[in-house]
Visitor: 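My questions all concern the structure below.
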Amino acid sequence: MPPQRDSLRTLIEQFIRSAENPVLLEAGEEEIPLTEGSWSVDAFGRNIRIHAWTDDRSYSRTITGLKKNTPGRLEFSVSRLGKPEGTLALLDLLHGRNQPIRQRNLREFQKEQFRRMLTRQFPDWIISHLSTAPDLEHSLSPSYPRATLQRKKEVMAVIFSPEEAMEPEAALTFGLIWLEHVHKQEQRQVVSTLIIFLPESKAQRTALRMKYLNASAGLFRLFVYTDVGEYPADIQDYGNLDTTLRPAQALPLRTRETPEFMLETLLQKSIRIVDAALDPEPVYRQALSITALDRGVMDLLAVDFEGRLAIIELKTGQDIHLPLQALDYWISIQWHLKQGSFPQQGYFPHRQLAQKPPLLYLVAPSLEFHPTTALILRYLAHEVPVICLGLGANWRCELKVVSRQENNEYSWSVKRRSREIEPQ
């Protein structure tokens with residue numbers, strides 16, 4: 001065996017056996033764990049060939065030379081049949097320096113996965129933009145690849161939630177922001193469609209939310225994907241509520257006095273600061289929980305003097321997801337209202353509840369509403385009555401509403417065109 005080939009083979013074998021968590025990584029491909037019995041290194045002419053496999057895939061490349069040898073990382077040049085020379089990396093995932101490399105490769109893999117989905121589902125459209133780059137100026141997250149599809153003068157905004165995303169529901173928030181951004185960038189084109197790709201196992205919450213987007217503001221479509229492919233989902237027949245209305249007298253107590261807990265306590269005692277039409281007694285705390293949400297407990301529930309329910313959702317700091325998280329509570333409260341759950345669980349015993357859509361109040365210090373809040377509210381259906389209340393900065397000492405805006409006061413920046421754009 002030639003000396004260079006012999007030394008490369010020895011270097012690879014020693015690295016894999018000494019690494020605590022070795023993986024094989026090629027740009028744009030999914031990483032392959034290198035566990036005992038799942039890899040081999042063989043002579044291949046004057047070079048060597050590395051093989052790796054899992055239960056559902058295999059990998060084989062001819063290594064032509066060493067490019068980099070640093071602690072926890074080896075990089076090699078590899079030949080690829082019919083393609084330009086590539087780069088193969090062996091990483092020890094437990095080595096701290098490798099996390100940025102792994103993250104970049106994961107995003108590149110997700111982008112290529114997204115590209116393949118778009119090519120299969122929209123063969124007659126051109127992918128005019130595809131990115132995972134962060135865009136802090138426009139509040140676009142690199143965790144959700146985004147794209148635009150173009151056909152003649154028609155443009156569609158598309159966003160993808162990878163299986164690895166910690167909050168798949170966040171894709172709709174970023175999708176609406178992306179739709180607005182594309183609309184402003186493509187002023188000479190027809191832009192009225194947002195398409196979201198979600199893993200099938202995590203699409204339920206988003207499907208429920210999409211039922212309550214304003215049809216006059218755009219066309220909203222959901223695609224779900226599995227290991228074997230993707231398909232369009234009918235949001236009208238997709239998703240079930242996973243919500244619990246606790247008995248009125250069995251409400252849990254919070255143990256930590258966070259700023260939001262303090263604000264919740266103050267408003268419960270002074271609910272008419274929110275709206276003079278609200279009945280000060282009773283006001284319920286943490287009446288509703290939603291299992292699918294990390295922060296799945298609604299803040300306050302009240303009723304006005306006409307019997308209309310009022311949901312009060314509070315924040316003391318900026319939260320880009322406030323509008324759609326509050327929409328989750330509104331959907332659940334609306335459902336329980338129609339089911340007649342409130343009298344059954346002992347709520348508002350001396351009042352007949354009106355069958356009107358509940359009022360939804362978003363309350364925060366006026367400077368702590370996220371800049372995209374108004375944008376997201378433009379896309380909610382008119383049947384969801386939202387009132388944003390901004391409090392004075394000194395709310396701990398004096399509760400005072402300094403701004404009030406209802407969602408029907410927002411001007412629509414996106415108008416649905418006379419002709420719907422249906423993906424082919």
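Since we're looking at a predicted model, the values are computed, not measured.
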Visitor: Picking from L176, I235, I196, T193, what satisfies side chain to side chain contact (heavy atoms under 4.5 Å, CB included) with F220?
Guide: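 Exactly one candidate clears the test, L176.
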Visitor: Atom CZ of R308 and atom CG of L278: how far apart are they, to the nearest 0.5 Å?
Guide: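 The CZ atom of R308 sits 11.0 Å away from the CG atom of L278.
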Visitor: Testing the basics here: between T316 and P365, what is the closest heavy-atom pair and its distance to 0.1 Å?
Guide: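 Between these two residues, the closest heavy atoms are CA-CD, 3.9 Å.
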Visitor: Let's go through I376 and L324 carefully: what are the C-alpha distance in whole Å and the side-chain angles of both, what is the deciding distance for side-chain contact (heavy atoms from CB on, under 4.5 Å) to 0.1 Å, and is it a yes or a no?
Guide: CA-CA 8 Å; I376 301 299; L324 294 187; 4.0 Å; yes
Visitor: Using side-chain heavy atoms (C-beta onward) and a distance below 4.5 Å, is E31 in contact with L93?
Guide: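 The answer is yes; the side chains approach within 4.5 Å.
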Visitor: Should E200 and Y231 be marked as a side-chain hydrogen bond (donor to acceptor under 3.5 Å, both in side chains) after you check the CA-CA gap, both sets of side-chain angles, and the distance that decides it?
Guide: CA-CA 9 Å; E200 186 182 54; Y231 61 91; 2.4 Å; yes
Visitor: Quick one, Y225 with Q113, criterion side-chain contact (heavy atoms from CB on, under 4.5 Å). Give me CA distance, side-chain angles, the key distance, then yes/no.
Guide: CA-CA 11 Å; Y225 65 89; Q113 181 186 14; 4.2 Å; yes
Visitor: To check you understand the geometry: which heavy-atom pair defines the closest contact between D92 and F15, and what is its length?
Guide: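 That would be N-CZ, 3.9 Å.
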Visitor: When rounded to the nearest 0.5 angstrom, what is the spacing between CH2 in W39 and CD in E13?
Guide: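 Nearest 0.5 Å value for the CH2-CD distance: 5.0 Å.
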Visitor: Run the side-chain hydrogen bond (donor to acceptor under 3.5 Å, both in side chains) check on E164 and Q110 step by step: do they pass?
Guide: CA-CA 9 Å; E164 299 82 7; Q110 291 167 347; 3.1 Å; yes
Visitor: So, do W330 and E383 sit near enough that their side-chain heavy atoms are less than 4.5 Å apart?
Guide: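 Yes, at least one pair of side-chain atoms sits under 4.5 Å.
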Visitor: Examine distances only and state if a side-chain atom of Q121 and a backbone atom of E230 form a donor-acceptor pair shorter than 3.5 Å.
Guide: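 Checked: pair present.
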Visitor: Using only heavy-atom distances, determine whether the side chains of H370 and D319 contain a donor-acceptor pair under 3.5 Å.
Guide: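 Not at all, the side chains of H370 and D319 share no donor-acceptor pair under 3.5 Å.
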Visitor: Can the ring centroids of Y144 and W178 be said to lie less than 6.0 angstrom from one another?
Guide: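 Not close enough - the centres of the two rings lie 6.0 Å or further apart.
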Visitor: Would you sort out whether V386 and E406 count as a side-chain contact (heavy atoms from CB on, under 4.5 Å), showing the intermediate values?
Guide: CA-CA 6 Å; V386 184; E406 299 186 18; over 6 Å; no
Visitor: Would you check if there is a donor-acceptor pair between the side chains of T148 and H129 at a distance under 3.5 Å?
Guide: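 There is no such pair (donor and acceptor under 3.5 Å, judged by atom type) between the side chains of H129 and T148.
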Visitor: Find out whether L301 and F342 are in side-chain contact, i.e. whether some heavy atom of one side chain is under 4.5 Å from a heavy atom of the other.
Guide: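 Answer yes - side chains close enough.
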Visitor: Would a 4.5 Å heavy-atom cut-off, applied to side chains only, mark F261 and T258 as touching?
Guide: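 Contact flag for F261/T258 side chains = yes.
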Visitor: Considering only heavy atoms from C-beta outward, does the side chain of I333 approach that of L309 to under 4.5 Å?
Guide: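 In short, these two side chains touch, coming nearer than 4.5 Å.
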Visitor: Is any side-chain heavy atom of I312 less than 4.5 Å from a side-chain heavy atom of L389?
Guide: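 No, every pair of side-chain atoms sits at 4.5 Å or beyond.
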Visitor: Where the side chain of R209 meets the backbone of E169, is there a donor-acceptor pair that is under 3.5 Å apart?
Guide: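 Indeed, once roles are kept as given, a pair shorter than 3.5 Å links the two residues.
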Visitor: Do L267 and V363 have side chains that approach each other closer than 4.5 Å (heavy atoms only, starting at C-beta)?
Guide: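 The answer is yes, as the side chains (C-beta and beyond) meet within the 4.5 Å cut-off.
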Visitor: Quick one: closest heavy-atom pair of R116 and F109, and the distance?
Guide: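 Between these two residues, the closest heavy atoms are NH2-CE1, 4.3 Å.
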Visitor: Strictly distance-based, threshold 3.5 Å: is any side-chain N or O of S38 a donor or acceptor partner for the main-chain N or O of T35?
Guide: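 Yes, S38 side chain to T35 backbone: donor-acceptor pair under 3.5 Å.
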Visitor: Determine the minimum heavy-atom distance between P259 and W395, stating which atoms define it.
Guide: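 Of all heavy-atom pairs spanning P259 and W395, the closest is O-CH2, 3.5 Å.
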Visitor: L391 versus V402: any side-chain heavy-atom pair under 4.5 Å?
Guide: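 In short, these two side chains do not touch, never coming nearer than 4.5 Å.
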Visitor: Would the distance check show the side chain of S131 and the main-chain N or O of A133 forming a donor-acceptor pair, the cut-off being under 3.5 Å?
Guide: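 Side chain of S131 to backbone of A133: a pair is present.
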Visitor: Measure the acute angle between the ring planes of F197 and F223, then classify it against the limits of 30° and 60° as parallel, tilted or perpendicular.
Guide: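 Aromatic pair F197/F223 classed parallel.
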Visitor: Taking the side chain from T54 and the backbone from R57, do they hold a donor-acceptor pair closer than 3.5 Å?
Guide: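 Side chain of T54 to backbone of R57, a donor-acceptor pair under 3.5 Å: yes, one is there.
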Visitor: Any luck finding a side-chain donor-acceptor pair between H51 and S40 under 3.5 Å?
Guide: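 No, no side-chain donor-acceptor contact under 3.5 Å.
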Visitor: Taking only residues two or more places apart in sequence or in another chain, which ones pass salt bridge (charged side-chain N to carboxylate O under 4.0 Å, His left out) with R61?
Guide: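 Expected list: E26.
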Visitor: Step by step, work out the salt bridge (Lys or Arg N to Asp or Glu O under 4.0 Å) result for E264 and R285.
Guide: CA-CA 8 Å; E264 185 180 309; R285 300 171 74 158; 2.7 Å; yes
Visitor: Apply salt bridge (Lys or Arg N to Asp or Glu O under 4.0 Å) to residues R396 and E398 and explain how you reach the verdict.
Guide: CA-CA 6 Å; R396 289 176 176 84; E398 180 186 13; over 6 Å; no
Visitor: I'd like to know if the side chain of Q286 reaches the main chain of M298, judged simply by a donor and an acceptor atom lying under 3.5 Å from each other, with no hydrogens or angles considered.
Guide: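 No.
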Visitor: Can you measure from SG (C388) to CG (L362) and round to the nearest 0.5 angstrom?
Guide: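 It is 4.5 Å, given to the nearest 0.5 Å.
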Visitor: How far does CD1 of I50 sit from CG of L24, to the nearest 0.5 angstrom?
Guide: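 Atom-to-atom, I50:CD1 and L24:CG are 5.0 Å apart.
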Visitor: So which heavy atom on H321 is nearest to which on E167, and how close?
Guide: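 Smallest interatomic distance, heavy atoms only, reads NE2-OE1, 4.5 Å.
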Visitor: More than 12 heavy atoms of other residues, nucleotides or ligands under 6.0 Å from CG of N394: yes or no?
Guide: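 Result for CG/N394: enclosed.
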Visitor: Determine whether more than 12 heavy atoms belonging to other residues, nucleotides or ligands lie under 6.0 Å from atom CG of L94.
Guide: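 Counting neighbours around CG of L94, more than 12 heavy atoms of other residues, nucleotides or ligands fall under 6.0 Å, so yes.
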Visitor: Partners of D304 by salt bridge (charged side-chain N to carboxylate O under 4.0 Å, His left out), sequence neighbours excluded?
Guide: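 So D304 forms no salt bridge (charged side-chain N to carboxylate O under 4.0 Å, His left out) with any residue.
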Visitor: Which heavy atom of I16 sits nearest a heavy atom of P22, and at what distance?
Guide: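 Nearest heavy atoms, I16 then P22: O-CG, 3.7 Å.
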Visitor: Starting from the C-alpha separation in whole Å, work towards a yes-or-no answer on side-chain contact (heavy atoms from CB on, under 4.5 Å) for L198 and L222.
Guide: CA-CA 8 Å; L198 286 171; L222 174 65; 3.7 Å; yes
Visitor: Between atom OG1 of T372 and atom CD of Q318, what is the distance when rounded to the nearest 0.5 Å?
Guide: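 These two atoms lie 8.5 Å from each other.
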Visitor: Should K202 and S161 be marked as a side-chain hydrogen bond (donor to acceptor under 3.5 Å, both in side chains) after you check the CA-CA gap, both sets of side-chain angles, and the distance that decides it?
Guide: CA-CA 9 Å; K202 300 177 181 178; S161 177; over 6 Å; no
Visitor: Taking atom CD of E20 as the centre, report whether more than 12 heavy atoms of other residues, nucleotides or ligands fall under 6.0 Å from it.
Guide: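 Count not over threshold, so no.
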Visitor: Does a donor on one side chain sit under 3.5 Å from an acceptor on the other, for Y379 and E180?
Guide: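 Their side chains do contain a donor-acceptor pair, which is all the 3.5 Å distance test asks for.
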Visitor: First locate atom CH2 of W125, then atom OG1 of T119, and finally report the distance between them rounded to the nearest 0.5 Å.
Guide: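 One finds 14.0 Å between CH2 of W125 and OG1 of T119.
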Visitor: May I ask you to decide if F369's main-chain N or O and T373's side chain share a donor-acceptor pair within less than 3.5 Å?
Guide: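 No; judged by distance alone, with no hydrogens or angles, the pair does not exist.
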